[in-house]
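I have placed the structure first, in the form of structure tokens, so that the comments after it can refer back to it.
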Amino acid sequence: MAHWYRTDGSLVDGADLRQARKEGLIPSVTTILDILDKPGLTQWKMRVGPDEADRVGAETSAEGARIHDLVSQWLLLYMDGDYQRPLEMPGDDWEVAAQVAGIVGDDFRLLQPTLEWLQENISSTHPVMSEVSLTHPAGYAGTVDIACTDRNGKRLIIDMKTRDIRTAKKKVKRYFEYGMQLGGYEGLVDPAGEESHRWVSLIINRDAENPMCVPQEWNKPDKARSRQAFKALLVAWQAIKNFDVRLSLLDA
């Protein structure tokens with residue numbers, strides 16, 4: 001599903017390319033990535049049919065958004081620099097803390113490994129941005145899951161993915177598209193390109209009976225390839241769609 005933003009970074013629900021041309025809307029990172037060929041996804045859609053594919057896609061998207069919202073609630077409550085943090089000492093009650101953030105029952109079981117990882121890896125003395133919408137001068141936009149500082153003072157960008165994990169952690173596949181997405185997000189967080197960030201794709205298992213989060217860190221060569229690929233894809237998308245919001249704004 002395509003996502004579009006206004007120049008002030010606000011998301012426009014239900015917009016399409018026609019509306020974007022008319023109003024000078026900005027395509028999201030994921031909209032740019034949608035022009036990539038996904039043979040496995042295409043084959044699955046052909047197998048189950050368009051109606052079932054749309055139904056499953058909508059359910060999956062809604063569940064992913066809900067999980068993102070729950071994690072964001074946790075971050076805003078417990079990882080903000082102005083808040084007295086719990087869970088810094090052995091024996092702290094994770095379940096009670098999660099209830100305060102509105103994370104209960106199956107959601108708590110599903111997310112506890114993720115919340116623990118975030119608590120262990122994000123600095124307690126620096127600001128944390130969660131679900132922040134930003135725009136880039138090159139003509140794209142997006143909502144960054146988490147932009148923060150790690151425990152060693154290094155800038156860190158985290159993109160969360162909910163998936164059905166049916167294998168051991170070390171065998172969970174890492175997709176290059178995830179790196180391209182992080183490359184786009186890094187540009188949003190630091191348009192001048194003056195900072196070097198750690199990138200982590202944080203894979204969250206959807207099954208509360210097998211709670212798991214798998215942090216996949218991107219190394220320097222793969223980050224360089226991902227940045228290059230996203231920038232090239234952005235140019236290709238603008239040419240294929242014959243739409244560059246920067247030019248449309250000049251013409252307005």
Side-chain angles (χ1 to χ4, degrees), residues 1-69 72 129-147 157 159-163 175-189 191 201 206 226-252:
M1 180 184 296
H3 295 97
W4 299 87
Y5 293 80
R6 296 185 178 89
T7 54
D8 63 1
S10 59
L11 181 66
V12 183
D13 290 331
D16 57 15
L17 183 57
R18 178 178 295 182
Q19 183 178 349
R21 293 186 192 280
K22 182 178 179 180
E23 300 181 17
L25 302 181
I26 304 172
S28 70
V29 170
T30 52
T31 296
I32 302 300
L33 294 175
D34 276 346
I35 67 169
L36 289 172
D37 183 34
K38 303 178 180 68
L41 180 61
T42 301
Q43 291 172 10
W44 172 78
K45 288 181 176 180
M46 292 178 64
R47 186 170 67 252
V48 302
D51 291 342
E52 178 65 6
D54 288 345
R55 183 191 68 79
V56 173
E59 288 184 357
T60 301
S61 179
E63 178 63 5
R66 192 181 71 85
I67 294 301
H68 279 62
D69 286 345
S72 184
M129 293 194 303
S130 176
E131 299 297 321
V132 177
S133 297
L134 302 166
T135 62
H136 192 280
Y140 73 94
T143 300
V144 181
D145 287 348
I146 305 170
I157 298 176
D159 185 49
M160 295 181 291
K161 301 292 184 185
T162 53
R163 280 170 41 186
Y175 296 100
F176 184 67
E177 183 180 339
Y178 292 177
M180 295 174 67
Q181 190 169 354
L182 281 161
Y185 288 159
E186 184 183 57
L188 293 174
V189 173
S201 299
R206 292 193 186 99
S226 298
R227 290 189 195 95
Q228 182 182 25
F230 178 77
K231 290 176 182 177
L233 194 66
L234 173 61
V235 173
W237 184 94
Q238 291 168 336
I240 291 168
K241 302 296 183 181
N242 191 27
F243 178 65
D244 184 336
V245 68
R246 296 170 297 176
L247 299 179
S248 71
L249 292 173
L250 288 174
D251 293 337

Using the side-chain contact (heavy atoms from CB on, under 4.5 Å) rule, take Q181 and K161 through it: C-alpha gap first, then chi angles, then the decisive distance, then the call. CA-CA 11 Å; Q181 190 169 354; K161 301 292 184 185; 2.6 Å; yes
Less than 4.5 Å apart, any side-chain heavy atom of V245 and any of Q238? no
Can you tell me how far apart NE2 (H136) and CG (L234) are? Round to the nearest 0.5 Å. 9.0 Å
Could you tell me if the side chain of V12 sits less than 4.5 Å from the side chain of Q19, heavy atoms only? yes
Is the backbone of M160 close enough, under 3.5 Å, to the side chain of H68 for a donor and an acceptor to pair up by distance? yes
Any donor-acceptor pair under 3.5 Å linking the side-chain atoms of T143 with those of Y5? yes
4.5 Å side-chain heavy-atom contact, T31 and Y140: no
Does any non-hydrogen side-chain atom of E186 lie less than 4.5 Å from one of V144? no
Any heavy-atom pair between the side chains of L17 and F243 that's under 4.5 Å? yes
How close do S201 and L182 get, heavy atom to heavy atom, and via which atoms? OG-CD1, 3.5 Å
Before giving the answer on ring-ring contact (aromatic ring centres under 6.0 Å, His included), spell out for Y185 and F230 the whole-Å C-alpha distance, their side-chain angles and the decisive distance to 0.1 Å. CA-CA 10 Å; Y185 288 159; F230 178 77; 8.5 Å; no
For R246, is there an ion pair with D244 - N to carboxylate O distance below 4.0 angstrom? yes
Could you pull out the closest heavy-atom pair between A141 and I26, with the gap in Å? N-CG2, 3.6 Å
Quick one: do V29 and L188 satisfy side-chain contact (heavy atoms from CB on, under 4.5 Å)? Show the steps, please. CA-CA 10 Å; V29 170; L188 293 174; 4.2 Å; yes
Quick one: does E59's side chain get under 4.5 Å of E63's, heavy atoms only? no
Which class fits the ring pair W237 and W4: parallel under 30°, tilted 30 to 60°, perpendicular over 60°? tilted
Side chain of R227, backbone of G183: donor and acceptor closer than 3.5 Å? no
side-chain contact (heavy atoms from CB on, under 4.5 Å) between L33 and M180, worked out: CA-CA 8 Å; L33 294 175; M180 295 174 67; 3.8 Å; yes
Identify the heavy atoms of A15 and L25 that sit nearest to each other, and give their distance. CB-CD1, 3.8 Å
Output for pair (T60 OG1, R55 CZ), nearest 0.5 Å, gives 8.5 Å
As a quick check of understanding, evaluate side-chain contact (heavy atoms from CB on, under 4.5 Å) for D34 and I32, giving each step before the final call. CA-CA 5 Å; D34 276 346; I32 302 300; over 6 Å; no
I want to check something: taking the side chain as every heavy atom from C-beta on, are S10 and S133 in contact at a cut-off of under 4.5 Å? no
Which heavy atom in T135 sits nearest to a heavy atom in R6, and how many Å separate them? CG2-O, 3.8 Å
